[in-house]
Amino acid sequence: MRPTLLAGQGMAIFLLVVAAALGFFYVYIYRREARQARRLTGRQRGTLRLLRIVVGALAVLALARPAVTVVKHETRLPVLPILLDESTSMAFPDARDNPLVQAGSPDKRRRYDTAKTVVETLEKKLTLTHRVKLFTFSDSGKLLKELPVRKDEADPLPGRDELFAGAPDPTGDYTNVGDGLRDVLRELSGDRVSGVVLLSDGRQTGGAALRDAGAQAADARVPVHALALGSEFPLRDLRIDEVIVDPEASLGDVLRFRLKVTNQIRAPLAAKLTLYEEGQKVNEKELNLNRGENMVEIATIPETEGTRAFRLVLPAFDDEVDTANNEATVHVKVVKRTLRVLLVAGNPSREFFYLVPGLLRDPVVDLSCFLQSADIDYVQQGNTSIERLPRSVEEWKKYDVVMLFDVDPNKITTQQVAEMETMVRTGGGLMVIAGRNNGLAKLIQVHAVKVRELLPVEIDKNALPDYFQTFETAFSAERTPIGRSHAVMRLDRDDRTNEAVWATFPKFHWAHPVRGVKPKSVVLLQRAGEGSGRGDCLMAIHRYYEGAVFYSGIDSLWRWRYPSENYDYDRFWTNVIRYLGETRLKGAQQQVALSTDRNSYAPGEEVKVKLRLLDPALMSQLEGQQLVVAVTSSEGERQMVALSPDRSGEMLYLGSYRARRVGSMVVEAKQAAPGGSTEAKPLFDVKCAFQVKMQSLENKDTSGDLEAMKSLAEQTGGRYFDYRNMGGLDELVAAIPSDPQVLSQEVLVEAWDGTAFLALFLLLIGAEWSLRKLWGLL
Amino acid sequence: MSRWLLAFVAVACLAGLGLSAASGERPPRKPAAEKPEKKPEKNAEKKPAGKAKDKAGEQAGEQPGAEDGQPKVDEAQRLLAEREKKRGPTFPGKDPAFLVLPRASERGNTAQTLLTPQVKEMTEKSLEYLVRTQGPDGGWGDMQFKPSNTGVTALACLAFMAEGSRPRVGRYGKPLDRGLEFLLKNVKKGSGVIAGAGSNELGPMYEHALSTLALLMASGDMPWKPELHEVIGGAVDAIKKSQHLDGGWRYQLTNVGDSDMSVTANVLWVLRTAKKCGFTVPADAVDKGVKYIEKCANPDGTFRYRYWGLHASPSLGGTGIIALANQGSLDHPLIPRARDRIAYDYRRYTIEDLKGRRYFVYGAFYASLATYSCGDKYLVPWFRKTVDVLAVMQRKDGEFWDEFDNTVYPTAMAAIMLQAPLGYLPIYER
């Protein structure tokens, strides 16, 4: 307690004047009453003087405003704010490995439910030692409830419904953790804050940077205890994202389904993929899926014509966020369609022995053989037996692919060669296999112009076969870099197996001499060894207007029957036939793949369009051509997007489109052949689709940002918990200090401004007046 | 009478008289209840047929692309193979001779498994022996068939072709070319018969048939011989003209007299190959020949040398199968019995038993063709056992032999069958 006078310096002068005035007043009174006072005793006079002096002193003292300063101390419980994320992402299922989830009921597995459980757990202990304030945040922090402080554990706690009555479910559109944290710190700036318990998945969608908010908390010495909900993985889900299948399939041929399957369950995940055709199970396959995107394949052989519904089903796993996406249904039109192949062979060579059954084994091939050396009354082999070679363009056009295998040029007319050239020009396929019997020089000599044009290689017309030469030295054949990736040379879908298969093939002894390769031709196979040049070409292809021509200078591919007999041998020929006949088989060349970088976009996002050419020969053919794709909305609005060749050298054309309208969009790439007749018969015509839709940022990434939460805790000196250790909440309680808040306050009390002082003053005045009355002075 | 003729007469007689039974080859009536062989052999006999596949499976890791010891199977190939297997062999054209057999469901490694270093070495030595024994005229003779004989020469040529050589192309292109030239030089003008001085006096049908076969196999690879088509056409005509009334053929190129199964099977084989090479062969000629073979069949899967014979010859099992298959009837009801019979014989008998058989190499050669067409299940155990026998039989210089000390034709036959897994000779068909 510290006494003081509140009157200022001016007041002190005033008081001196008053005291002086009182003194004069008293002197005046005493003189005036001097005659009367004489009858009083000295004691009585002294009493009256004393009373008057005291009263006067009291009056002066009151005017001087005497006061005392008193220091008061107050003890309060510390505050513990719990900051609860109430954005919609908190409605996602929490990590299954979280012990709180496992302990809970199966229908309460949302992240928000876990957060509620945490709040309830903390509430039981912390309300005894803290003033617990529950805040929620989405875009900003709001006080949801201040929990009552309990004296002891027997005191009742508010129930879950009461606690979260103001926010029973997460509904916020944003997760602004930084803003929420700042708001709470601001709100509690006058309180002793023991720490902040933050319950969130940490996936910020906007607002202040979490690092800045963390710095602010660290400055305030408020540790933020981050309890991360969810996991670092996206939501638990197994889904079929995409099914890639030809819209049309051939009856009796293999129909392949390529599926993009996303595994967000665990890695590796064993799952069975089942394929149903019109409700009947037709195939199933055991999959071993990695986490994330997987490309898987399943196939069937459709045996019924018509539009068939194929359903692909993956099993549903526990706690999947969505089981409806575990299956997909596609409709495929199954048509009876074959590739008509005409094999014209000069002689029954050993290749002919193996080639014919190999082609006949292909369910799509309808083969007609014409062995030129056969007896005149010989019944030619094949699915469809013919008696003579075609004699008009129309007859040639009945075939999709023509194979000329070491043909005798004298048994085919120039007119027939010209008609065949027309067939190729309008989309047919031609395979020329050079052999030692006749060679290509003879063929060129007899039918020079058309054959020269058709061939992808340059042949010296004067290099007639030297029958007397013996070929004893073996040579190896190797694929060119382009050949390694070309569909024709692919003998297994698995890269490693494919390479291993090629490594096992034996050597050759004879190959047709080649002078060079045409500029737009693509060499697939060449002689191995140093100094291999374009003159060492063994196999080449090129696009010829709307068709394609394949050249093989080896007539002993039967050597590839070792080590796997017909397996790889048949496949090679099947590859070539299907490549050459693809235009006819599928309506257009499918040697391109059109795609966008994603399937779904938000308005304003950039859609990257990618046209991948699968055939180097097609790339050569399109060199210098301007490629465009059309993007068409569901309302029919059409926009052209130019594509440019990829600068890295990949066989790609790239373009971009800015998504504007919401809805389904279709990208179509349709290209006429250079020099081709009309656009009505395109070189390729492929489509792909994507969606433009409003997308919540909350759904964009469903994984928790555990790293961000951990960093925040470390930055502020708080504790970090996630699904791995959330069972140890007792450690968190122990880590939160419960030191009370002690408040000290100095209080100034004015001594004169009270009843006691007034009563004393009145008493003294009253006594003086009464004594004077008593003693007869009045 | 030439020794060549004598040899085949002896085979026929032994088969017909059932002397094979006296030599211990006579099979039991109930094979299933048969006691184990007298002298079980290490390795060879401890491997039952069913284990062969397991052994192959153990080596699957060597196969390209195999992972964890399991070969990777292409699903599309598997689906197509399953479908074709269900459907069975088919002939898409008008002639059942042009069989299209179901595709393999997976990339097999049988060839790599069977062609062991030992087999390769045996093959190499036998081919080198043939090169060394080629006559200055380009042909080959043998102990019983001197000087050069077209039948022996044809077999030697086929052995080189089985290696992957073609006339004037490949490692054995030169000796092969010379051998084929020898055959062409021995074509008799007018009759079209391909048989020279060293041929069988009783009838040159074996020589003629085998020579025709060798020329057919080379017919697409000899452009410098434009007359080849005509030569083969004449040879096929000679065969057609000499079909007997009973549907079969025998030594003489005449249509008079009885037939025997061995010659008939060889001729049917040639006719089918001729059809594939563009030569016209009447369907009824083949039908009649196959009917003759059917008449020679016993219910237990063996065949009689003559249809009116009493006893079967174990050497004819393979010829029976390929004769029936040549009609395009891989599902012929007689084939499974004959196939099982061969499998049983090679499983049951010891190496010494088989080696001691009359004309073992001859019988094994046809059995190789038969088991090859029946699939790996039958080929693999048969091949391994045969290799064991041949390994014992092969002499230092690489040759194989028979009872009459012929060494060239057994060596050629052995080389052909040892190279069968390569899949380079179209007479081995699946």
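Within every chain, numbering begins at 1; the chains are lettered A, B, ... in the order of the sequence lines, protein sequences first and strands thereafter.
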Notebook entry, point to check: A:R256 versus chain B, heavy atoms under 4.5 Å apart: side chain, backbone, both or neither?
Noted result: side chain
Notebook entry, point to check: When you look at NZ of A:K285, are more than 12 heavy atoms from neighbouring residues, nucleotides or ligands closer to it than 6.0 Å?
Noted result: yes
Check: Charged N to carboxylate O under 4.0 angstrom, B:K240 versus B:D237?
Finding: yes
Check: Is it true that A:R578 and A:D362 make a salt bridge, defined as a side-chain N closer than 4.0 Å to a carboxylate O?
Finding: yes
Check: So what's closer than 4.5 Å to chain B heavy atoms on A:N383: side chain, backbone, both or neither?
Finding: both
Check: Is the shortest side-chain N to carboxylate O distance from A:E472 to B:R171 below 4.0 Å?
Finding: no
Note to self: Quick check on the interface: out of B:A111, B:P421, B:G164, B:A81, who has the most heavy-atom pairs with chain A under 4.5 Å?
What the structure shows: B:G164
Check: Has A:E303 got more than 12 heavy atoms of other residues, nucleotides or ligands less than 6.0 Å from its CD?
Finding: yes
Item checked: Residue A:D555 versus chain B: region with a heavy atom under 4.5 Å -> both
Next item on the list: Could you tell me which portion of A:N498 (side chain, backbone, both or neither) has an atom closer than 4.5 angstrom to a non-hydrogen atom of chain B?
Entry: neither
Notebook entry, point to check: For the candidates B:M217, B:R166, B:E429, which exhibits the highest count of non-hydrogen atom pairs separated by less than 4.5 Å from chain A?
Noted result: B:R166
Item checked: Region of B:M222 in contact with chain A, defined by heavy-atom distances below 4.5 Å -> backbone
Next item on the list: Go through the atoms of B:R83 and report whether side chain, backbone, both or neither lie under 4.5 Å from a heavy atom of chain A.
Entry: side chain
Notebook entry, point to check: Taking NZ, NE, NH1 and NH2 as the nitrogens, is one of them in B:E82 or B:R78 under 4.0 Å from a carboxylate oxygen of the other?
Noted result: yes
Item checked: Pairs of heavy atoms under 4.5 Å with chain A: top-ranked of B:G173, B:G170, B:S165 -> B:G170
